[in-house]
Amino acid sequence: RIVAVIMVGGPTKGTRFRPLSLNIPKPLFPLAGQAMVHHPISACKRIPNLAQIYLIGFYEEREFALFVSSVSNELRVPVRYLKEDKPHGSAGGLYNFRDLIMEDNPSHIVLLNCDVCCSFPLPDMLEAHRRYGGMGTILVIKVSPESAYQFGELVADPVTNELLHYAEKPETFVSDRINCGVYIFTPDIFTAIQGVSTQRKDRATLRRVSSFEALQPANRSLPTDFVRLDQDILSPLTGKKQLYVYETMDFWEQIKNPGMSLKSSGLYLAQFRFTSPHLLASGDGTKNATITGDVFIHPSAKVHPTAKIGPNVSISANARIGAGVRLVSCIILDDVEIQENAVVIHAIIGWKSSIGRWSRVQASGDYNAKLGVTILGESVTVEDEVVVINSIVLPNKTLNVSVQEEIIL
Ligand code: GDD
């Protein structure tokens, strides 16, 4: 049997996701019409003999209660949210719930970061993991050498796929192969985490009786039960025939800011063509709006037949899209109203916002730039004929003049 664990983090981790994380936990933000964490959960469904999916985080339990019960019903797989009393790090959080996880007596634990967007090739990874015979297998991807420093960089044996070297976000270039935050472990991972924790406790005792701390400044502030998977577990286990890599040739992105959520939404919409074509809108331009490329429209949304929509557009529940509206590369959240002839390009429009007639909400579409995607927080009003370009607008603001390259607080 197999247990899957998705690390969802907590409120302090979502700050780069503002103003969108002011309303809901980042893992529940909709990409292609489904919560960010819904995508790895549906990927776990494809694992044979899956017993349970746990989400581990330090958000309040009530924030996940509704999602967890509806996704369990929808996918017919038991999903449970487990709350940490405080952050224990990506490995410490897992270790915290080891007794519960081991209740199902799993042969393998699938461990996933919630903030990555990929095809999650879990059955193939499991097969490779069994072949390698190690304690863990890490999903890796080749990225451009210029972007690798943002991730865990690693070197593996090209023949055996054994992990030989690991450097977490290094200052100088190590490798263009990076850690995707998708893992398969045997339950021995708990022994490895326990080892680091015990070592920390011993050091803490030593510190109290000597001046040892001066020699280990890097470890000074870490509590003994705080264990990071990358630095504390993966790094020390390299070159010991315990860890292996599985390289994906598919898409992969990390979702740390709203711009990347728009890009990821497009990647998931494109994947729906193969996995869930029924979720994609189709339009013939007469009764329905004209649809170009991959578009998701929630059944409760009302879209005028003269609107032109796509590619990469996702429209959430109860949104109203008026006559002559043009939407390109955007996420329209619940209860938004877009009035006649408005244009929205490379933008995320927050819950209950309203965009007036002939207005434009637009950006350059550079997903990594701070203002490359225009974001409107909850309940923002853009009045008629107002132009908003490359800007971020915090909740409850009304814009009656045009703005460009601005953060409106
Ligand atoms: N429950 C819980 N508790 N979750 C946590 C905690 C914690 O204390 N700390 C982090 N997480 C979750 C985050 O929500 C995220 O899903 C995952 O664990 C990893 O977060 P970080 O430890 O902050 O690392 P990162 O996202 O900057 O980088 C990691 O992921 C990259 C891939 O996206 C590293 O493993 C990199 O090497 C890797 O490239």
Hey, are Lys142 and Asp176 close enough for a salt bridge, meaning a charged N less than 4.0 Å from a carboxylate O?
-> yes
Hits for ring pair (Phe, Tyr, Trp, His ring centres under 6.0 Å) against Phe67, two or more places apart or cross-chain, chain-then-number order -> none
Would you mind checking if Lys86 and Asp225 are paired as a salt bridge, meaning a charged N to carboxylate O distance below 4.0 Å?
-> yes
Give a yes-or-no answer on whether the side chains of His278 and Ser276 include a donor-acceptor pair shorter than 3.5 Å.
-> no
Side chain to side chain donor-acceptor pair (under 3.5 Å) evaluation trace for Glu61 with Tyr81 | CA-CA 7 Å; Glu61 227 155 328; Tyr81 177 72; over 6 Å; no
Going by the angle between their ring planes, with limits at 30° and 60°, are Tyr132 and Tyr244 parallel, tilted or perpendicular?
-> parallel
Judged by modelled atom types alone, do Ser316 and His298 share a side-chain donor-acceptor pair under 3.5 Å?
-> no
Is it true that the side chains of Ser264 and Ser261 contain a donor and an acceptor less than 3.5 Å apart?
-> no
Residue pair Phe151 / Pro170: nearest heavy atoms and the distance that separates them = O-CD, 3.9 Å
Please list, chain by chain and in numerical order, all residues satisfying ring pair (Phe, Tyr, Trp, His ring centres under 6.0 Å) with His39, sequence neighbours excluded.
-> Tyr268
Will you find, in the side chains of Gln52 and Asp104, an N or O donor that is under 3.5 Å from an N or O acceptor?
-> no
Residues two or more places apart in sequence or in another chain: which of them pass salt bridge (charged side-chain N to carboxylate O under 4.0 Å, His left out) with Glu253?
-> Lys263
Lys352/Asp334 salt bridge by N-O under 4.0 Å criterion = no
